[in-house]
Visitor: 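Quick one: the structure is below, and I'll ask about it shortly.
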Amino acid sequence: MKKELTIVMVLVMMLGLFTTVSATNNYSYNKVQQVFDWGTGTTKVIVDLDKTINAGSVDWTTFQVFVKRTDSRLEESLLNDGQRRVTDTYVSDEEGNRVGKGNYVAIEMEVSPTESIGSALNYVPGGGGNDWVEAEYNIKQVKDIVSVEEKVTGINATELNKTYRPQIDKFTTGSEFYSDEDNGNIILTYAAYKPKVTESDKSPLIIWLHGGGEGGTDPTIPLAANKSVNFAAKEVQDIFGGAHVLVPQTPGKWMEASANEDEYDIEHKLDGHNSALPYTSKYTKSLMNLINKYVQVNPGVDRDRIYIGGCSNGGFMTVRMILSYPDYFAAAFPVCQGMTYSYLSDADIEILKNQNIWFVSAATDATLPAPRYTIAIYDRLIKEGAENVHLSYPARIIDRSGRYRDKNGNPHEYNGHWSWIYVYNNAATAKIDGKEVSILNWMAYQKRDKER
């Protein structure tokens, strides 16, 4: 009798070790977004189980992830909905870092430049530009989780708790007001990164001007839609020994002509193709005001090493700024820039030829074809004797990360206008004094010529 009672007690105790915990309420989740060459993707969702489990108790088949993406700017707001492809699942902390034991499960998902369902942004052509989308996630448990103490089943997570953007979160954001006598009151928003150096160190300042699709009042957009966050990445910071990064944002487009543009002598501006493009910008003075304010409140900036660059609209603005303030910047790097060569006077060429400039544009750029814009200016400057003007002119823009390939196994090819990808990754090169040099390594050594 005692033996039978002992067996019953043992069975009860064993059953207690594997108590089934079923979810009766919707669980919350966090998500992680990462910036890639092609934009920003949601790479992880992290479910709070409210129970401690051990590593190895989950795998990629434990959960299924569904998402519904919408954009309120569109009449038909639904972009797409469906199931995300899970690539890995593991026990983690609340930010998605792998741990041996914890209360969270991180679910990694596939992202790609060719599959929009994982993208955190949406681009609306015709002036809408890039913006964050609404993404409703539904994370469903489809396999029991067995741990030492209990079995967990029936998890259904639909309530977003936190969003982690580790690259973007390195930056602070703000705004600066300027009253322009010609163009009225202007507010420029911006994102900024300060290097991890001592206050006594003097560090360069990298200014990046976004393209036409990143305007607005949310300065995280210029960081996320392209990859300007990479200027704060360790590999880039190491090149400069630490660098400040300033990413201004215009409410609209840098290529909005100043109200007094007619005062400029541009007699050839009606030169047929793309004659609507401006020669001036309404934001020139307000941008210079923002830059000056940043330098004033950050005494660690080396005023002899301030670099300005940008892509497309921002490439145009880069040229505009070094024309308007030729003695201020140590170097400029206009990328797939939009300043029309035929607008430039001989006096403009004289200013530009004495600057330190590195142009970047791809042969496959159909938006601002290099022969009409970038190469036309570059060739003229070389002809006039420019000593420190360089050009990167890749045949096409291909994925260099090794992550993405086409159906034939070749590296994924990006839109030819996206030559900024090669700049962020320091892959734009040119031969200088017989040696192949990368753009950021060149830039790090440029200093302002105080005599020009």
Side-chain angles (χ1 to χ4, degrees), residues 178 180-183 207 209 250 253-292 303-304 306-361 368-391 393 430 443 446-452:
Y178 183 76
D180 189 308
E181 59 184 8
D182 297 313
N183 300 291
I207 301 163
L209 307 177
T250 167
K253 298 179 185 293
W254 299 115
M255 295 174 74
E256 293 181 45
S258 176
N260 63 352
E261 175 154 318
D262 290 342
E263 297 176 12
Y264 288 83
D265 180 17
I266 320 170
E267 58 185 23
H268 36 265
K269 189 170 179 184
L270 299 178
D271 182 26
H273 178 70
N274 272 340
S275 60
L277 295 183
Y279 169 73
T280 63
S281 170
K282 66 183 289 186
Y283 299 109
T284 303
K285 292 179 181 178
S286 57
L287 176 56
M288 195 65 221
N289 173 69
L290 170 59
I291 295 169
N292 275 326
R303 298 189 180 213
D304 292 329
I306 298 177
Y307 312 121
I308 188 167
C311 61
S312 195
N313 253 251
F316 160 88
M317 195 62 178
T318 300
V319 177
R320 180 67 267 158
M321 291 299 286
I322 60 177
L323 283 171
S324 297
Y325 306 99
D327 301 324
Y328 191 87
F329 302 100
F333 52 117
V335 183
C336 53
Q337 68 86 31
M339 175 64 78
T340 305
Y341 167 67
S342 60
Y343 295 174
L344 299 177
S345 66
D346 290 343
D348 290 334
I349 295 297
E350 189 67 23
I351 291 173
L352 294 177
K353 81 170 190 179
N354 293 313
Q355 304 288 315
N356 304 321
I357 309 174
W358 191 309
F359 292 97
V360 181
S361 189
L368 292 169
R372 183 174 181 85
Y373 296 93
T374 293
I375 293 181
I377 297 177
Y378 170 79
D379 284 348
R380 174 73 186 280
L381 295 179
I382 296 301
K383 180 180 178 182
E384 295 298 327
E387 296 182 358
N388 198 13
V389 173
H390 310 284
L391 169 68
Y393 187 44
M443 192 189 311
Q446 304 309 307
K447 292 190 176 181
R448 180 176 55 155
D449 183 356
K450 299 177 183 178
E451 297 182 359
R452 72 174 178 225

Visitor: Assign the ring pair Y279 / Y343 to parallel, tilted or perpendicular, where the plane angle (0 to 90°) is split at 30° and 60°.
Guide: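 Because their plane-to-plane angle is over 60°, the rings of Y279 and Y343 count as perpendicular.
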
Visitor: Could you state the interatomic distance from OH (Y378) to CD1 (I357), rounded to the nearest 0.5 Å?
Guide: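 Nearest 0.5 Å value for the OH-CD1 distance: 11.5 Å.
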
Visitor: State, to 0.1 Å, how close W358 and L391 come at their nearest heavy-atom pair, and which atoms those are.
Guide: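 For W358 versus L391, the nearest heavy atoms are NE1-C, 4.2 Å.
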
Visitor: Without swapping roles, check the side chain of Q355 against the backbone of P326 for a donor-acceptor pair under 3.5 Å.
Guide: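 Checked: pair present.
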
Visitor: Testing the basics here: between A259 and N183, what is the closest heavy-atom pair and its distance to 0.1 Å?
Guide: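 Closest approach of A259 to N183: N-OD1, 2.8 Å.
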
Visitor: Is any side-chain heavy atom of M288 closer than 4.5 Å to a side-chain heavy atom of Y328?
Guide: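 SC-SC contact between M288 and Y328 confirmed.
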
Visitor: Measure from the side-chain N and O atoms of S345 to the backbone N and O of D348, and report whether any donor-acceptor pair falls under 3.5 Å.
Guide: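 Yes: the side chain of S345 pairs with the backbone of D348.
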
Visitor: For A257 versus P278, what's the shortest heavy-atom pair and its separation?
Guide: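 Between these two residues, the closest heavy atoms are CB-CB, 3.8 Å.
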
Visitor: Which heavy atom in K353 sits nearest to a heavy atom in L381, and how many Å separate them?
Guide: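 That closest heavy-atom pairing would be N-CD2, 3.7 Å.
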
Visitor: Is there a donor-acceptor contact under 3.5 Å from the side chain of D182 to the main chain of N260?
Guide: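 Pair absent, no side-chain N/O of D182 close to backbone of N260.
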
Visitor: What's the spacing between T340 OG1 and Y373 OH if we round to 0.5 Å?
Guide: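 It is 4.5 Å, given to the nearest 0.5 Å.
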
Visitor: What distance do I308 atom CD1 and L287 atom CG have between them, rounded to the nearest 0.5 Å?
Guide: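 So the gap between those two atoms works out to 5.5 Å.
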
Visitor: The test is side chain to side chain contact (heavy atoms under 4.5 Å, CB included); show your working for Q446 and Y307 and say whether it passes.
Guide: CA-CA 9 Å; Q446 304 309 307; Y307 312 121; 4.0 Å; yes

Visitor: Examine distances only and state if a side-chain atom of S281 and a backbone atom of Y283 form a donor-acceptor pair shorter than 3.5 Å.
Guide: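 Present.
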
Visitor: Between K285 and E181, is there a side-chain N and carboxylate O pair less than 4.0 Å apart?
Guide: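 Yes, K285 and E181 are salt-bridged.
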
Visitor: Does the side chain of T284 come within less than 4.5 Å of M317's, by heavy atoms?
Guide: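 They are in contact (side-chain heavy atoms under 4.5 Å apart), so the answer is yes.
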
Visitor: Quick one: CG on L368 to OG on S312, what's the gap to the nearest 0.5 Å?
Guide: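 So the gap between those two atoms works out to 5.0 Å.
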
Visitor: Going by atom types alone, do Q337 and N313 pair a side-chain donor with an acceptor below 3.5 Å?
Guide: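 Checked: Q337/N313 side chains show no N/O donor-acceptor pair below 3.5 Å.
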
Visitor: Of all heavy-atom pairs between N356 and K447, which one has the smallest distance, and what is that distance?
Guide: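 Heavy-atom minimum between the residues: ND2-O, 3.7 Å.
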
Visitor: Does the pair Y325 and N292 meet the rule for a side-chain hydrogen bond (donor to acceptor under 3.5 Å, both in side chains), with working shown?
Guide: CA-CA 12 Å; Y325 306 99; N292 275 326; over 6 Å; no

Visitor: What is the distance from atom CG of L344 to atom CD1 of I377, rounded to the nearest 0.5 Å?
Guide: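 CD1 of I377 is found 5.0 Å from CG of L344.
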
Visitor: When you check the side-chain N and O atoms of R380 and Y341, is any donor under 3.5 Å from an acceptor?
Guide: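 A pair is found: one side chain offers a donor N or O, the other an acceptor, under 3.5 Å apart.
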
Visitor: Can you tell me how far apart CZ (R448) and CG (D304) are? Round to the nearest 0.5 Å.
Guide: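 It is 4.5 Å, given to the nearest 0.5 Å.
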
Visitor: Please report the closest heavy-atom contact between G315 and P334, naming both atoms and the distance.
Guide: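 Minimum heavy-atom separation between G315 and P334: O-CB, 3.9 Å.
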
Visitor: Strictly distance-based, threshold 3.5 Å: is any side-chain N or O of T280 a donor or acceptor partner for the main-chain N or O of S258?
Guide: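 A pair under 3.5 Å: yes.
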
